[in-house]
Amino acid sequence: MATTCILSGWALECAPPNRIFEERNLSEIIVVTSGKGGVGKTTTSASLGCGLARRGKRVALIDFDIGLRNLDLIMGCERRVVYDFVNVINGDCTLKQALIKDKRVEGLHVLAASQTRDKDALTEEGVQRVLDELNSEGFDYVLCDSPAGIEKGAHLAMYFADRAVVVVNPEVSSVRDSDRILGLLASKTRRAENGNGGVKEHLLLTRYNPRRVASGEMMSVNDVKEILGLDVIGVVPESTDVLAASNSGVPVILNDASDAADAYEDAVGRLLGEQLPLRFLEERKRGFLARMFGG
Amino acid sequence: MGLLALFRSKPSTASIAKERLRIIVAQERSTRGAPDYLPLLRRELLQVIHKYVNVDPEAVQVHLDREEGHEVLELSVALPDKQGG
């Protein structure tokens, strides 16, 4: 209780005097999750966060992968991390001190994961306190970048979520793990427990290779959609730009010349309720010719 | 070489993947939300039954059905035709 008072005191001090919390919408908490590792959760969190912020939203990106911090690298702010998520929870610093402001996109902030090996560093109460403070600070979106697996970090990343972006590769183990995650979203979240309509789930396919889909080597969007029974919020084509983006610490959505960037931009639009047809599901024409000759 | 030709005539690997996933996902969904004690319950029941009848481990099925307002725990044990030694 005492802590809450101190935190909201700070929030009031920083907020414009005429801001009354009830007047604005609560910040929307979106978990980016998958179950399986290496499918593109962090890449997706970074790009969706950038995309939302570019559209004028105040966005906080939180890395829940305690002990294996990586969102900072993908965002290119690894050398600016002074305080982390666990420091905020433990009261070693204020939230404001720990939030890293992105230098490229106005309104975008990163909260780095701690590199501690203590598995109990994150607590439900602590996470809730940070999320409440972000809310009272006027953030529109809080994106929770979940660690792989179904352990504590993954649980806490999804627990408070209003929506979930389930990142999946069109590949058997990823699809199966995603289904497992969907089961957890439907039972082990605050919204599920409160009977609050549950967490709204979206599917985002990454590493999609239209050529391999066309030749029957890879499951199609519709195959995955049919198995998991979810709305598709984005299909990101397999692209060399994704590795280039992580190499340079610039979220791929900021690469104007990339199909992957366009695909993420569309996903951001759909997150905001726009009706957009899926793109990049078909192989490009020149690819088709190459395939004819290549056999 | 013969094997390769055989492989080519098979359905696409994507459709194999889809079919396998359809089955495993349906199976895993059916046990989702069931109490954690079910597998242990099944194992212990099997041990008790095994003291009297030599049953196949697969012959004991435990199902939990949820209907409006109540849950039904259904146990089915397929006994062998003749009792084994």
Side-chain angles (χ1 to χ4, degrees), chain A residues 34-36 39 150 155 158 166 168-189 192-193 195 198-199 201 203 205 207-230 232 235 238 281-283 291 295, chain B residues 1-47 56-78:
Chain A
S34 70
K36 189 174 182 292
V39 297
I150 52 173
H155 167 69
M158 72 167 69
V166 180
V168 57
N169 290 167
E171 174 272 325
V172 285
S173 50
S174 174
V175 174
R176 181 200 209 169
D177 290 358
S178 299
D179 193 64
R180 185 100 171 80
I181 289 293
L182 292 175
L184 296 175
L185 285 166
S187 59
K188 309 278 189 222
T189 51
E193 287 172 5
V199 178
E201 300 147 341
L203 206 60
L205 272 82
R207 299 208 169 143
Y208 197 74
N209 186 325
R211 186 185 61 75
R212 302 189 77 185
V213 171
S215 65
E217 295 168 63
M218 182 181 269
M219 284 182 284
S220 68
V221 193
N222 286 331
D223 291 341
V224 178
K225 196 173 152 183
E226 202 179 301
I227 293 160
L228 296 176
L230 278 194
V232 176
V235 178
E238 188 165 50
L281 302 187
E282 308 270 313
E283 192 178 356
R291 184 162 59 98
Chain B
M1 289 302 120
L3 269 177
L4 205 70
L6 196 70
F7 177 76
R8 276 192 190 132
S9 67
K10 281 182 179 174
S12 76
T13 56
S15 54
I16 296 170
K18 187 183 177 184
E19 201 44 43
R20 290 174 62 212
L21 278 169
R22 214 204 299 269
I23 294 165
I24 193 69
V25 164
Q27 188 195 321
E28 286 175 350
R29 280 184 185 177
S30 69
T31 57
R32 182 185 290 173
D36 292 339
Y37 61 74
L38 273 192
L40 187 64
L41 175 70
R42 184 180 177 279
R43 195 158 63 235
E44 289 188 6
L45 279 170
L46 191 67
Q47 282 167 3
D56 186 329
E58 292 302 310
V60 180
Q61 299 290 333
V62 181
H63 282 293
L64 188 75
D65 287 322
R66 284 197 182 80
E67 288 163 33
E68 278 174 45
H70 64 283
E71 293 178 345
V72 179
L73 183 67
E74 183 186 301
L75 298 171
S76 106
V77 184

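Lettering follows sequence order; numbering is per chain, from 1.
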In this structure, CE of A:Met219 is separated from OG of B:Ser12 (nearest 0.5 Å) by 10.5 Å

Nearest 0.5 angstrom please: A:Ile227 CD1 to B:Arg20 CZ, how far?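 It comes to 11.0 Å.
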
Quick one: closest heavy-atom pair of B:Arg29 and A:Leu228, and the distance?
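For B:Arg29 versus A:Leu228, the nearest heavy atoms are NH2-O, 3.3 Å.
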
| message | If you compare all heavy atoms of B:Leu21 against all heavy atoms of A:Val172, which two are closest, and at what distance to 0.1 Å? | response |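 That would be CD2-O, 3.5 Å.
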
- Determine whether more than 12 heavy atoms belonging to other residues, nucleotides or ligands lie under 6.0 Å from atom CD of A:Glu282.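 Not more than 12 within 6.0 Å, no.
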
Okay, A:Arg180 and chain B: the region with an atom under 4.5 Å from a heavy atom over there is backbone

Chain A shares the most heavy-atom pairs under 4.5 Å, among B:Ala17, B:Ser15, B:Ala26, with B:Ala17

